[in-house]
Chemist: 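Sending over a structure as structure tokens; questions will come in a sec.
Numbering of residues begins at 1 and proceeds along the displayed sequence. Numbering of ligands and ligand atoms starts at 1, following listing order.
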Amino acid sequence: MPTLEAVLADITTLHVDAIVNAANTKLKGGGGVDGAIHRAAGKAELLAATAPLGGCATGDAKATPGFRLPATWIFHAVGPVWSVSRGGEAAMQKADRLLASCYHRCMELAREHGCRSIAFPAISTGVYRFPPERAARFAVQSVRDQLAGSGVERVIFCCFSEATARLYRSLLDQ
Ligand code: AR6
């Protein structure tokens with residue numbers, strides 16, 4: 001049985017086959033977890049690897065090597081920006097779909113690259129302001145939906161605060 005767990009950690013330190021980055025559509029680096037990953041993997045190497053990829057659409061993900069990271073791969077996923085003030089319920093549902101799609105695409109990439117372990121940050125819950133609890137529900141559900149036949153045996157939800165870790169643990173216990 002695959003294991004799903006919540007871990008309080010800096011994702012750049014994790015020894016897994018793939019870590020997921022919360023990137024932007026340009027794939028040229030940024031702040032938050034994206035900045036930390038670029039610094040730890042090696043900025044020059046990573047920017048050289050993402051340059052030919054032509055960016056990444058929201059809801060999609062693209063793979064690069066992990067370079068100086070303990071992880072072999074980085075899956076750069078682009079989550080939605082939470083801006084419901086401009087679209088109400090329809091905008092929220094669109095954001096939900098795009099967030100779920102990030103997790104789906106990363107699980108597909110994990111299968112394509114033969115990954116047995118993968119670590120996700122809480123995509124979109126920082127600068128992109130997606131409500132953390134709602135995001136965690138979609139994250140856990142999307143990963144559970146994609147586990148069968150993926151070859152992935154260990155999924156880590158890498159949390160950057162104790163509050164986020166508590167959220168994930170309560171969902172994983174259900
Ligand atoms: N390890 C694990 N989680 C982390 C780390 C880390 N080292 N650092 C931050 N987090 P964010 P977003 C958590 O803002 O909302 C960037 O500029 C953080 O606490 O990194 O998807 C990109 O280039 C939060 O829970 O990503 C994009 O432009 C989560 O990671 C934009 O931000 C995501 O926060 C993407 O925004």
Chemist: Closer than 4.0 angstrom, basic N to acidic O: yes or no for D17 and R116?
Modeler: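 Salt bridge between D17 and R116, a charged N being under 4.0 Å from a carboxylate O: no.
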Chemist: For atom 14 (O) of ligand 1, what is the nearest protein heavy atom, given as residue, atom name and distance?
Modeler: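 Scanning the protein heavy atoms, the shortest distance from atom 14 (O) of ligand 1 goes to V127 N, 2.9 Å.
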Chemist: For the NE2 atom of H113 and the CD1 atom of I118, what is their distance to the nearest 0.5 Å?
Modeler: 11.0 Å
Chemist: Among all the protein's non-hydrogen atoms, which is closest to atom 25 (O) of ligand 1, and how far away is it?
Modeler: T125 OG1, 3.0 Å
Chemist: Among T12, V33, I19, which residue places a heavy atom closest to atom 5 (C) of ligand 1?
Modeler: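 Minimum heavy-atom distance to atom 5 (C) of ligand 1 goes to V33.
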Chemist: Would you indicate which of G126, G32, C159, G31 comes nearest to atom 16 (C) of ligand 1 when only heavy atoms are counted?
Modeler: G31
Chemist: Relative to each other, are the rings of Y168 and F157 parallel, tilted or perpendicular (30° and 60° limits)?
Modeler: parallel
Chemist: Side chain or backbone, does C158 bring an N or O within less than 3.5 Å of an N or O on ligand 1?
Modeler: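 Such a contact does not occur with ligand 1.
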Chemist: Do N24 side-chain atoms and G29 backbone N/O form a donor-acceptor pair below 3.5 Å?
Modeler: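 Answer holds: yes.
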Chemist: If you have a sec, work out which protein heavy atom is nearest atom 1 (N) of ligand 1 and how many Å separate them, to one decimal?
Modeler: I11 N, 3.0 Å
Chemist: Determine the interplanar angle of the F138 and F130 rings, folded into 0 to 90°, and report it as parallel if under 30°, tilted if 30 to 60°, perpendicular if over 60°.
Modeler: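 It falls in the perpendicular class, over 60°.
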Chemist: Is there a side-chain contact between D145 and Y103, using heavy atoms and a 4.5 Å cut-off?
Modeler: no
Chemist: Return yes if some donor-acceptor pair links the side-chain N/O of T50 with the main-chain N/O of L27 below 3.5 Å, else return no.
Modeler: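 Present.
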Chemist: Need the ligand 1 atom indices (1-based, order shown) with element for anything under 4.0 Å from a heavy-atom of G30.
Modeler: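 Those qualifying, in numeric order: 17 (O), 23 (O).
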Chemist: Give the residue and atom name of whichever protein heavy atom lies nearest to atom 7 (N) of ligand 1, and the separation in Å to one decimal.
Modeler: D10 OD1, 3.0 Å
Chemist: Distance to 0.1 Å, residue and atom name: give those for the protein heavy atom nearest to atom 36 (O) of ligand 1.
Modeler: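 Protein heavy atom with the smallest distance to atom 36 (O) of ligand 1: Y128 CG, 3.4 Å.
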Chemist: Number the atoms of ligand 1 from 1 as they appear, then name those within less than 4.0 Å of a heavy atom of A36, with their elements.
Modeler: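 Numbered from 1, ligand 1 contributes 7 (N).
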Chemist: At a non-hydrogen distance cut-off of under 4.0 Å, which region of S161 contacts ligand 1 (side chain, backbone, both, or neither)?
Modeler: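 No part of S161 comes within reach of ligand 1.
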Chemist: Quick one: are V78 and C102 in side-chain contact, heavy atoms under 4.5 Å?
Modeler: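 Side chain of V78 against side chain of C102, heavy atoms only: no contact under 4.5 Å found.
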Chemist: Hey, which atoms in ligand 1 end up nearer than 4.0 Å to a heavy atom of N24?
Modeler: 22 (C), 23 (O), 27 (C), 28 (O)
Chemist: Does ligand 1 come near enough to D34 that some N or O of the ligand is less than 3.5 Å from an N or O of the residue?
Modeler: yes
Chemist: So which heavy atom in the protein is nearest atom 21 (O) of ligand 1, and how far is it from that ligand atom?
Modeler: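 Among all protein heavy atoms, the one nearest atom 21 (O) of ligand 1 is S124 N, 2.8 Å.
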Chemist: Between R105 and D60, is there a donor-acceptor pair closer than 3.5 Å when you use the side chain of the first and the backbone of the second?
Modeler: no
Chemist: Under a 4.0 Å N-O cut-off, is there an ion pair linking E108 with R111?
Modeler: no
Chemist: Considering only heavy atoms of A122, which atoms of ligand 1 have at least one such atom less than 4.0 Å away?
Modeler: 25 (O), 29 (C), 33 (C)
Chemist: State the atoms of ligand 1, each with its element, that fall below the 4.0 Å cut-off from a heavy-atom position in F160.
Modeler: 1 (N), 2 (C), 3 (N), 4 (C), 5 (C), 6 (C), 7 (N), 8 (N), 9 (C), 10 (N), 13 (C), 19 (O)
Chemist: If you count the atoms of ligand 1 from 1 in the order shown, which ones are under 4.0 Å from a heavy atom of A9?
Modeler: 1 (N), 2 (C)
Chemist: How about L47 and H38: do any of their side-chain heavy atoms sit closer than 4.5 Å?
Modeler: yes
Chemist: Under 4.0 Å, heavy atoms only, figure out whether ligand 1 is touched by the backbone of A22, its side chain, both or neither.
Modeler: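 Under 4.0 Å from ligand 1, A22 contributes backbone and side-chain atoms.
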